[in-house]
J.: 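Got a structure for you, written out below as structure tokens; questions coming shortly.
Chain A is the first sequence line, chain B the second, and so forth, proteins listed ahead of strands; every chain is numbered from 1. Since the structure is predicted, the reported quantities are computational estimates derived from the model, not experimental observations.
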Number of protein chains: 2
Amino acid sequence: MTTLEQSLRIGDVARLAGTTPRTIRYYEELGLLPQAPGRPSGGHRLYTQAEVDRLREVMRLKELLGVSLQELKELLAAEEARAAVRAELRRDDVEPERRRELLNQALGHLDRQVELVERRARDLAKLHEELSATRRRVRRKLGALDAHTRGARS
Amino acid sequence: MTTLEQSLRIGDVARLAGTTPRTIRYYEELGLLPQAPGRPSGGHRLYTQAEVDRLREVMRLKELLGVSLQELKELLAAEEARAAVRAELRRDDVEPERRRELLNQALGHLDRQVELVERRARDLAKLHEELSATRRRVRRKLGALDAHTRGARS
DNA sequence: CAACAAATTTACGTGAACGTAAAGATCATA
DNA sequence: TATGATCTTTACGTTCACGTAAATTTGTTG
């Protein structure tokens with residue numbers, strides 16, 4: 001379980017996620033990524049696999065949802081909330097009151113994301129259907145053309 | 001049938017499509033929209049409903065596919081091909097040879113579009129599933145929390 | 001410890017997709 | 001025909017999402 005994961009530097013993270021150090025610093029600056037967890041004596045940023053995953057997720061959402069980094073940051077409040085939940089849940093003495101609050105917050109954020117995704121999926125499905133219909137029509141015309149040409153035994 | 005549609009000016013088109021004149025001119029400059037069909041003596045651009053539709057389609061594809069305007073232009077070669085087909089098909093004397101060629105071109109472009117849409121749809125579906133799973137877990141935790149609280153008759 | 005790769009901050013540069021301003025031309029209406 | 005709204009081109013400005021360069025510092029390795 002103790003994967004001994006540690007000490008990825010910004011260049012490693014960038015390579016692993018398929019981007020550049022500049023982008024990572026930029027995202028950190030925007031608050032899209034949390035401050036690098038390790039930073040021994042103000043030196044280089046140190047990351048773990050968790051940060052790589054987070055980064056990939058950010059990139060994926062950006063690509064799939066087509067939102068600005070600012071909107072994405074707001075959307076990602078969900079992740080932060082869930083992180084907070086996980087952190088608090090590790091301790092056993094959280095009051096159920098508080099626990100429920102955190103969970104409900106996370107649920108709200110998740111609902112926003114799900115709704116966004118569903119809207120886009122619906123739109124895409126509609127577009128797909130239209131394209132397919134057009135494609136079928138074109139193929140039918142091609143078929144008719146073939147048949148006619150052969151029928152005329154040119 | 002003769003809808004007598006005509007004489008929309010650039011501002012009208014912009015309002016109807018939910019954008020601005022600047023954007024329309026920009027798209028025309030990029031070749032995303034054809035030259036305005038009417039331009040009496042070098043004066044104002046004149047459009048018909050067809051141009052409004054085309055514009056909306058461009059905006060929709062841009063939004064849904066998340067591609068650059070340049071990529072979009074290349075993708076939209078399909079529409080141009082289909083327009084050419086429609087134009088030529090109106091005449092009855094097109095050689096079947098040529099006809100088949102045009103139709104096959106259109107089919108190719110359509111296939112590219114369909115594939116792109118399908119890829120995105122698959123990615124979105126995967127994301128949706130993951131979000132839903134997470135959501136279910138959160139709800140389960142909330143449920144357990146409720147049950148426990150009531151069980152403890154606090 | 002020398003030396004070289006990789007990281008740091010600071011700051012200016014860039015391409016895409018438009019916005020906006022200016023100066024003038026054109027169109028609809030009173 | 002006057003006049004105000006809308007359009008024209010030209011051109012510079014702006015925001016976003018980074019790229020790139022410079023000067024310096026930090027880690028790593030022989």
Side-chain angles (χ1 to χ4, degrees), chain A residues 4-48 51-52 54-76, chain B residues 4-48 51-52 54-76:
Chain A
L4 186 48
E5 60 181 354
Q6 204 74 4
S7 63
L8 293 172
R9 303 198 306 185
I10 198 170
D12 306 326
V13 175
R15 260 184 302 279
L16 289 173
T19 180
T20 74
R22 173 62 169 125
T23 296
I24 297 179
R25 295 198 195 96
Y26 183 51
Y27 285 10
E28 180 182 321
E29 181 187 335
L30 290 188
L32 259 172
L33 300 178
Q35 297 291 101
R39 191 83 105 105
S41 71
H44 297 180
R45 292 169 178 82
L46 287 187
Y47 300 91
T48 76
E51 277 72 48
V52 178
R54 162 85 177 195
L55 176 53
R56 299 196 84 120
E57 189 60 17
V58 167
M59 293 170 66
R60 182 188 184 199
L61 288 177
K62 186 201 166 197
E63 162 82 4
L64 279 181
L65 300 185
V67 298
S68 77
L69 294 181
Q70 280 306 322
E71 295 171 291
L72 193 51
K73 181 188 170 183
E74 291 158 27
L75 266 182
L76 257 48
Chain B
L4 186 47
E5 60 182 353
Q6 204 75 2
S7 64
L8 293 171
R9 304 197 307 185
I10 198 170
D12 305 326
V13 174
R15 259 184 302 280
L16 288 173
T19 181
T20 72
R22 172 61 168 126
T23 296
I24 297 180
R25 295 197 195 97
Y26 183 51
Y27 284 10
E28 179 182 322
E29 182 186 335
L30 290 188
L32 258 172
L33 299 177
Q35 297 290 101
R39 192 84 104 104
S41 71
H44 297 180
R45 291 169 178 82
L46 287 188
Y47 300 91
T48 76
E51 276 71 48
V52 178
R54 163 85 176 196
L55 176 54
R56 299 197 84 120
E57 190 60 16
V58 166
M59 293 169 66
R60 184 190 183 198
L61 289 177
K62 185 202 166 193
E63 162 83 5
L64 280 181
L65 301 186
V67 297
S68 78
L69 294 181
Q70 279 306 323
E71 295 171 292
L72 193 50
K73 182 189 169 184
E74 290 159 26
L75 266 183
L76 257 48

J.: Without decimals, in angstroms, what is the distance between B/Glu29 CD and C/dG19 P?
T.: 14 Å
J.: Looking only at heavy atoms, what is the nearest atom pair of A/Lys62 and A/Tyr27, with distance?
T.: CD-OH, 4.0 Å
J.: Each nucleotide in nucleotides 25-30 of chain C should get exactly one letter: B, S or -. Can you fill that in based on protein heavy atoms under 4.0 Å?
T.: -BS---
J.: Within this structure, what is the CZ-to-P distance between A/Arg22 and C/dT14, rounded to whole angstrom?
T.: 15 Å
J.: Apply the side chain to side chain contact (heavy atoms under 4.5 Å, CB included) test between B/Val13 and each candidate in B/Leu55, B/Thr48, B/Thr19, B/Leu46; give the one that qualifies.
T.: B/Leu55
J.: For residues A/Pro34 and A/Arg54, report the shortest heavy-atom separation together with the two atoms involved.
T.: CD-NE, 4.4 Å
J.: Would you kindly compare A/Ile10 and B/Thr20 by the position of their nearest DNA chain C nucleotide and give the one closer to the 5′ end?
T.: A/Ile10
J.: Restricting to non-hydrogen atoms, name the atom on A/Ile10 and the atom on A/Ile24 that form the minimum distance, rounded to 0.1 Å.
T.: O-CD1, 3.7 Å
J.: Rounded to whole Å, please give me the gap between CD in B/Gln70 and P in C/dG15.
T.: 13 Å
J.: Say you draw a straight line from CE of B/Met59 to CG of B/Leu72; how long is it, rounded to the nearest 0.5 Å?
T.: 11.5 Å
J.: Separation of B/Tyr27 atom OH from C/dA16 atom P, in whole Å?
T.: 14 Å
J.: Using chain A heavy atoms and a threshold of under 4.0 Å, write down where along DNA chain D the contacts begin and end, 5' to 3'.
T.: D/dA17 to D/dG27
J.: Checking salt bridge (charged side-chain N to carboxylate O under 4.0 Å, His left out) against B/Glu28, which of B/Lys73, B/Arg22, B/Arg45 comes through?
T.: B/Arg45
J.: Is the phosphate of C/dA17, meaning OP1 or OP2, less than 4.0 Å from a side-chain N or O of B/Lys73?
T.: no
J.: If we ignore hydrogens and angles and just use 3.5 Å, is the side chain of B/Arg56 paired with the main-chain N or O of B/Leu16 as donor and acceptor?
T.: yes
J.: Rounded to the nearest angstrom, tell me the gap between atom OH in A/Tyr26 and atom P in C/dC12.
T.: 17 Å
J.: Output the rounded distance in Å from CD (B/Glu74) to P (C/dA16).
T.: 12 Å
J.: If you compare all heavy atoms of B/Pro21 against all heavy atoms of B/Gly11, which two are closest, and at what distance to 0.1 Å?
T.: CG-CA, 4.4 Å
J.: Base, sugar-phosphate alone, or nothing: which one does B/Arg25 contact when heavy atoms must sit under 4.0 Å apart?
T.: base
J.: How far does OG of A/Ser7 sit from NE2 of A/His44, to the nearest 0.5 angstrom?
T.: 13.5 Å
J.: Just call it for B/Leu69: base, sugar-phosphate, or nothing, with non-hydrogen atoms closer than 4.0 Å on any strand.
T.: sugar-phosphate
